There are 2 protein chains.
Amino acid sequence: MNAPLPRDPIADAQRNWERHGWGDVAAPMAAITAIMRTQQILLARIEGALKPFGLTFARYELLALLSFARSGALPMNKASALLQVHPTSVTNAVDRLEKAGLVVRSPHPTDGRTTLIELTAEGRTLAKSATAVLNTEVFSQSGFADRDVNQLIRILGDFRRGAGDFSE
Amino acid sequence: MNAPLPRDPIADAQRNWERHGWGDVAAPMAAITAIMRTQQILLARIEGALKPFGLTFARYELLALLSFARSGALPMNKASALLQVHPTSVTNAVDRLEKAGLVVRSPHPTDGRTTLIELTAEGRTLAKSATAVLNTEVFSQSGFADRDVNQLIRILGDFRRGAGDFSE
DNA sequence: TCCAAACCCTTGGATGTCCTAGTATATTGC
DNA sequence: GCAATATACTAGGACATCCAAGGGTTTGGA
């Protein structure tokens, strides 16, 4: 989009932190800010790749999750837990996916409180195509060295475990 | 919020990718998904720490940026470039900060197109307090090991440079 | 048995991000 | 000098996320 900046703004921020007497937390501040910016860049790439399918990342994630479920269906609360987003975000995504004919809501057979989300044939097909494009256009050219990918998986895995995401 | 999941959902996704014949991109997919989730966790912590100040992270970042500017003022387009967000996002943040009396818009002395954002005394004080809290409550207990922090800075720095953020 | 507590999903509201367009001001080039 | 192009900011709209609250369904203990 924009021309590259002459200097790394996050490295500058780190120097500012040090200069103002917060040297002991300047590095974690910089790491966290870098994660924020990296997420923003990656999300933009992903959304760009999904746009031709009329999907956003949030909706794609839900489709992909369903496509890996044995029956192609999951309770909404389970989807919320696995995607680690607020239940209302799932409601929102399902509303739009349903309107697009990619999923259907159906009542849970034994628990009246629960709603199942089910992939339609069209939804399953679209998920497959979108995954192929994401894989070839985004994930296969992530811009991370192979060694670094494994480092990231390990470091962020430790972090997420520490944050209480999973106990494994 | 929620109880920890029994297993890491991202590791599961990685296995699903491999099982479906996308083994060559399963690792980058997992790393990218982990970045997304980590960002979400960190953002929630930061927003929580800033809430008592009536600030969001977006608004805090702008205040912090201004507080490091020599004159305590910056053109909006410069802020947009340094924070690496869309100009309309800066407009939005400035609207709210101005309404809260933390910054003021003023015309650029020589360029009629440009608007300067300037910290008020109150804004400068609040930025200082908020920074202190963020440092002690979030950055100093990031949950990353020191070694990992440096790894992250290096890996994500390489990535951002490769993505065209800066040329340095 | 029966009511309170727990759980599930949805609605409505606040924010943030981006995109597209529109208005105003500068710069460029002929 | 003036028209065409580039820049800067803002208005309006689409989406996503979270929180708070409300209504229906289950569960569990008195």
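The figures here come from the full heavy-atom set of this structure, side chains too, leaving out hydrogens, waters and symmetry mates. Computed from a prediction, not measured in an experiment: that's the story for all the values here.
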Identify the pairs formed between an N or O of the protein and an N or O of nucleotides 2-4 of chain C at a distance under 3.5 Å, and give each distance.
none

I'd like a list of close polar pairs between nucleotides 24-26 of chain C and the protein, N/O only, cut-off under 3.5 Å.
{"from": "C:dT25", "atom 1": "O3'", "to": "B:Gly112", "atom 2": "N", "distance (Å)": "3.4"}
{"from": "C:dA26", "atom 1": "OP1", "to": "B:Gly112", "atom 2": "N", "distance (Å)": "2.5"}
{"from": "C:dA26", "atom 1": "O4'", "to": "B:Arg113", "atom 2": "NE", "distance (Å)": "3.2"}
{"from": "C:dA26", "atom 1": "O4'", "to": "B:Arg113", "atom 2": "NH1", "distance (Å)": "3.4"}

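Under the 4.5 Å side-chain heavy-atom criterion for grouping Ile, Leu, Val, Met, Phe, Trp and Tyr, A:Leu63 is connected to A:Leu65 within one hydrophobic cluster. Criterion: ILVMFWY side-chain heavy atoms under 4.5 Å apart, direct or through other members. Under it, B:Ile10 and A:Leu62 are not part of a common hydrophobic cluster. Hydrophobic clustering (ILVMFWY, side-chain heavy atoms < 4.5 Å, transitive): A:Leu102 and A:Val104 are in distinct clusters. In the hydrophobic cluster analysis, where Ile, Leu, Val, Met, Phe, Trp and Tyr join through side-chain heavy atoms closer than 4.5 angstrom, B:Leu116 is grouped apart from B:Leu74. Under the 4.5 Å side-chain heavy-atom criterion for ILVMFWY residues, a single connected hydrophobic cluster contains both A:Phe68 and A:Leu66.
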Tell me which donor-acceptor pairs under 3.5 Å the side chains of residues 20-33 of chain A have, and how far apart each pair is, sequence neighbours excluded?
{"from": "A:Thr33", "atom 1": "OG1", "to": "A:Met29", "atom 2": "O", "distance (Å)": "2.8"}

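The stretch residues 42-60 of chain A has no heavy atom under 4.0 Å from DNA chain C, so no residue of it qualifies as close. Interface residues of residues 76-97 of chain A facing DNA chain C, ordered by number: A:Met76, A:Asn77, A:Thr88, A:Thr91; criterion, heavy-atom separation under 4.0 Å.
Within the structure, every pair that satisfies the salt bridge (charged side-chain N to carboxylate O under 4.0 Å, His left out) test and touches residues 126-149 of chain B, not counting sequence neighbours, is listed here: A:Arg154-B:Asp148. Within the structure, every pair that satisfies the salt bridge (charged side-chain N to carboxylate O under 4.0 Å, His left out) test and touches residues 112-125 of chain A, not counting sequence neighbours, is listed here: A:Asp111-A:Arg113. For residues 83-129 of chain A, no residue pair satisfies the ring-ring contact (aromatic ring centres under 6.0 Å, His included) rule, not counting sequence neighbours. Among residue pairs with one or both ends in residues 59-86 of chain B, none qualify as salt bridge (charged side-chain N to carboxylate O under 4.0 Å, His left out); sequence neighbours excluded. Residue pairs meeting the salt bridge (charged side-chain N to carboxylate O under 4.0 Å, His left out) criterion with at least one partner in residues 29-53 of chain B, sequence neighbours excluded, are A:Asp165-B:Arg37.
Nearest approach of B:Ile117 to B:Met76, heavy atoms of both residues: CG1-CG, 3.5 Å.
Using a 4.0 Å cut-off, no side-chain N or O of A:Gln40 falls inside it from OP1 or OP2 of C:dG16.
Residues forming a salt bridge (Lys or Arg N to Asp or Glu O under 4.0 Å) with B:Asp12 (at least two apart in sequence, or on another chain): B:Arg7, B:Arg15.
Taking atom NE2 of A:His108 as the reference point, atom P of C:dC9 lies 9 Å away to the nearest angstrom. Between B:Leu62 atom CG and C:dT15 atom P the separation is 16 Å, expressed in whole Å. To the nearest angstrom, P of C:dC9 lies 10 Å from CZ of A:Arg105.
At least one side-chain heavy atom of B:Leu152 sits under 4.5 Å from a side-chain heavy atom of A:Leu152.
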Dot-bracket encoding of pairs in DNA chain C, which uses [ ] for pseudoknotted crossings and | for another strand, Watson-Crick or G-U under 3.5 angstrom: ||||||||||||||||||||||||||||||
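One distance of note links CG of A:Leu83 with OG of A:Ser89; it measures 10.0 Å at 0.5 Å rounding.
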